[in-house]
2 protein chains.
Amino acid sequence: MMAPMSRTRFADMNCGIAQALEVLGDWWTLLVVRDAFFGARRFGDFEKSLGIAKNVLSARLAHLVEHGIFAKVDVGADGERFEYRLTEKGEALLPVLTTLREWSDDWVFGRGNEPVIVKDRRTGRRLAKLQVTDADGRPLTRRDLRTEAGPGASAATRRLLTPRPR
Amino acid sequence: MMAPMSRTRFADMNCGIAQALEVLGDWWTLLVVRDAFFGARRFGDFEKSLGIAKNVLSARLAHLVEHGIFAKVDVGADGERFEYRLTEKGEALLPVLTTLREWSDDWVFGRGNEPVIVKDRRTGRRLAKLQVTDADGRPLTRRDLRTEAGPGASAATRRLLTPRPR
DNA sequence: CAGTATCCTCGCAGATACTG
DNA sequence: CAGTATCTGCGAGGATACTG
């Protein structure tokens with residue numbers, strides 16, 4: 001009986017998508033990057049906005065630095081203070097986040113307050129109706145759940161990463 | 001002493017990106033979707049091309065069906081045969097995969113055979129040099145690792161999901 | 001404030017045997 | 001061929017105490 005193997009690594013698959021996922025696929029990773037686009041720089045920024053455990057955040061940041069997505073920059077005028085800043089490689093992830101948000105806008109929430117109808121592409125048959133509601137069952141619109149872009153984000157970035165006005 | 005909590009769920013975060021990751025964030029999920037774009041339809045198609053365990057694949061497919069990304073279509077002319085087909089919602093994920101692939105092309109591999117230089121965005125300082133090599137240390141180009149698009153993929157899809165010719 | 005060090009626990013995933 | 005059932009285990013991630 002063979003021992004169960006550890007998780008398969010995608011790094012040696014012959015596919016750019018798999019490669020990207022190997023770097024970005026962890027649960028928190030893309031959210032950390034998102035927060036960076038929203039202006040988070042310091043350890044505490046990420047910690048507060050994500051509500052992530054310190055050790056996990058530490059590991060994620062190290063991982064992202066290791067892969068050249070963040071630069072750990074010494075800004076220690078007074079002592080040892082660091083900031084995590086997006087590199088060019090990191091900033092190149094903006095389109096990935098943008099398309100994720102767009103997909104979510106269109107398909108996880110409705111664009112306005114109408115539910116999302118999931119259809120089979122060929123037959124056109126309705127497969128599911130998706131509607132996000134509040135605790136009382138009243139439908140929520142995408143605007144009710146607006147992402148808050150931090151003060152550090154540029155106007156252009158904020159526009160890209162916040163939900164489209166219907 | 002409090003018991004450690006289970007993994008944080010992103011579903012109730014006020015952010016479309018988090019919502020999308022809640023659906024797509026599992027390790028295999030986007031690769032399964034990718035294979036669907038490449039023409040995979042049957043259980044065995046995914047199993048073979050991904051080398052994924054049966055039960056895991058089963059769970060992933062069920063998850064994707066549940067979220068309306070795949071439709072489980074009965075094509076049982078002879079008996080009980082099913083196919084998993086992308087719905088409209090599923091097909092809308094193509095831009096997500098495309099931007100992931102583009103990012104990988106540009107930043108994980110070099111575009112051609114030149115290594116990727118990771119720079120700090122502001123200072124311009126070089127942080128890392130990335131180069132994919134074979135077992136003997138010889139640099140590989142992105143073309144050496146070409147993704148194979150299956151026969152089921154349309155020409156347009158294949159073009160979008162395969163590496164750019166340098 | 002910015003982490004590091006521990007401990008703990010479930011969730012994901014691998015292997016495999018089994019069913020129609 | 002298309003799964004389901006079961007067992008197993010790594011490891012990501014949560015909580016918390018501690019350090020400069």
Side-chain angles (χ1 to χ4, degrees), chain A residues 1-11 13 18 21-32 35-36 40-66 70-85, chain B residues 1-11 13 18 21-32 35-36 40-66 70-85:
Chain A
M1 190 183 320
M2 225 162 109
M5 266 180 46
S6 175
R7 211 201 69 219
T8 302
R9 296 286 158 180
F10 298 152
M13 288 191 183
L21 290 178
E22 184 62 34
V23 180
L24 306 171
D26 263 323
W27 278 101
W28 286 106
T29 308
L30 278 177
L31 289 185
V32 172
D35 271 22
R41 296 263 178 276
R42 307 258 295 279
F43 190 91
D45 295 339
F46 295 102
E47 194 184 5
K48 251 192 311 182
S49 66
L50 289 173
I52 187 177
K54 282 165 173 287
N55 54 348
V56 177
L57 176 56
S58 180
R60 285 294 138 256
L61 287 173
H63 176 83
L64 287 165
V65 168
E66 185 190 345
F70 280 159
K72 186 170 185 176
V73 181
D74 194 338
V75 292
D78 51 350
E80 54 290 274
R81 298 211 161 265
F82 296 99
E83 287 188 355
Y84 298 89
R85 296 204 193 133
Chain B
M1 185 184 322
M2 224 161 111
M5 266 181 43
S6 175
R7 210 200 70 220
T8 302
R9 295 286 159 180
F10 299 151
M13 289 190 181
L21 291 178
E22 184 62 35
V23 180
L24 306 171
D26 261 325
W27 275 101
W28 285 106
T29 308
L30 278 177
L31 289 185
V32 173
D35 272 23
R41 295 264 177 276
R42 307 259 294 282
F43 190 91
D45 295 339
F46 295 101
E47 193 184 5
K48 252 192 311 181
S49 67
L50 290 173
I52 187 177
K54 282 165 174 287
N55 53 350
V56 177
L57 176 58
S58 180
R60 287 291 136 258
L61 288 173
H63 177 84
L64 288 165
V65 168
E66 184 190 347
F70 280 159
K72 186 169 185 176
V73 180
D74 193 338
V75 293
D78 51 350
E80 54 290 274
R81 296 211 163 266
F82 295 99
E83 286 188 358
Y84 297 88
R85 297 206 191 131

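These numbers were taken from a predicted model, which means no experiment stands behind them.
Checking dC1(D), dG14(D), dC12(C) against every side-chain atom of Val56(A), the shortest atom distance belongs to dG14(D). Nearest to the side-chain atoms of Arg42(B) among the listed nucleotides dT4(C), dA5(D), dC1(D) stands dC1(D). For Asp26(A), whose side chain is taken as the heavy atoms from C-beta onward, the closest listed nucleotide among dG13(D), dG3(D), dG11(C) is dG13(D). Candidate nucleotides dG3(D), dA2(C), dG14(C) were compared by shortest atom distance to the side chain of Phe43(A), and dA2(C) ranks first. Of the candidate nucleotides dA13(C), dG3(C), dA17(C), dA17(C) has the atom nearest to the side chain of Lys54(B). Comparing dA15(C), dG3(C), dC1(C) by their nearest atom to the side chain of Ser58(A) picks out dG3(C). Counting only heavy atoms from C-beta on, Trp28(A) has its side chain closest to dG13(D) among dA2(D), dG14(C), dG13(D).
Between Thr8(B) and dG13(D) there is no side-chain N or O to OP1 or OP2 distance below 4.0 Å. Between Arg60(B) and dC12(C), a side-chain N or O to OP1/OP2 separation shorter than 4.0 Å is absent.
dC1(C) atom P lies 15 Å from atom CZ of Phe46(A), rounded to whole Å. Distance Leu64(B) CG to dC12(C) P: 13 Å, rounded to the nearest Å. Atoms CG (Leu31(A)) and P (dA12(D)) sit 17 Å apart, rounded to a whole Å. Atom P of nucleotide dT16(D) and atom CD of Glu47(A) are separated by 13 Å, given to the nearest angstrom. The interatomic distance linking Leu50(A) (CG) with dG14(D) (P) rounds to 10 Å, in whole Å. Nucleotide dG3(C) holds its P atom 13 Å from the CD1 atom of Ile52(A), rounded to whole Å. Arg41(B) places its CZ atom 18 Å from the P atom of dC1(D), with the value rounded to the nearest Å. Straight-line distance from the CH2 atom of Trp27(B) to the P atom of dC10(D): 18 Å, rounded to whole Å.
Residue-level contact check: Lys48(B) touches neither bases nor backbone, having no heavy atom under 4.0 Å from any strand. If you check every strand for non-hydrogen atoms under 4.0 Å, Tyr84(A) touches sugar and phosphate atoms only.
Looking at Arg60(B) and Glu47(B), no side-chain N of the basic residue comes within less than 4.0 Å of a carboxylate O on the acidic one, giving no salt bridge.
The main-chain N or O of Leu24(A) is never found under 3.5 Å from a side-chain atom of His63(A) such that the two would form a donor-acceptor pair.
Taking a pair to require two hydrogen-bonding distances under 3.5 Å in either a Watson-Crick or a G-U wobble arrangement, dC1(D) pairs with dG20(C). Nucleotide dC7(C): paired with dG14(D) (Watson-Crick or G-U wobble, both distances less than 3.5 Å).
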(request) Might you work through the side chain to side chain contact (heavy atoms under 4.5 Å, CB included) test for Thr8(B) and Trp28(A), ending with a clear yes or no? (result) CA-CA 10 Å; Thr8(B) 302; Trp28(A) 286 106; 3.8 Å; yes

(request) Report the C-alpha distance between Asp45(A) and Asp35(A) in whole Å, list the side-chain angles of each, state the deciding distance to 0.1 Å, and finish with yes or no for side chain to side chain contact (heavy atoms under 4.5 Å, CB included). (result) CA-CA 8 Å; Asp45(A) 295 339; Asp35(A) 271 22; over 6 Å; no

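Relative orientation of the Tyr84(B) and Phe46(B) rings is perpendicular, given thresholds of 30° and 60° on the angle between their planes.
Here the CD atom belonging to Glu22(A) is positioned 5.0 Å from the CH2 atom belonging to Trp27(B), to the nearest 0.5 angstrom.
Where Asp45(B) and Asn55(B) each meet DNA chain D at their nearest nucleotide, the meeting point lying more 5' is that of Asp45(B).
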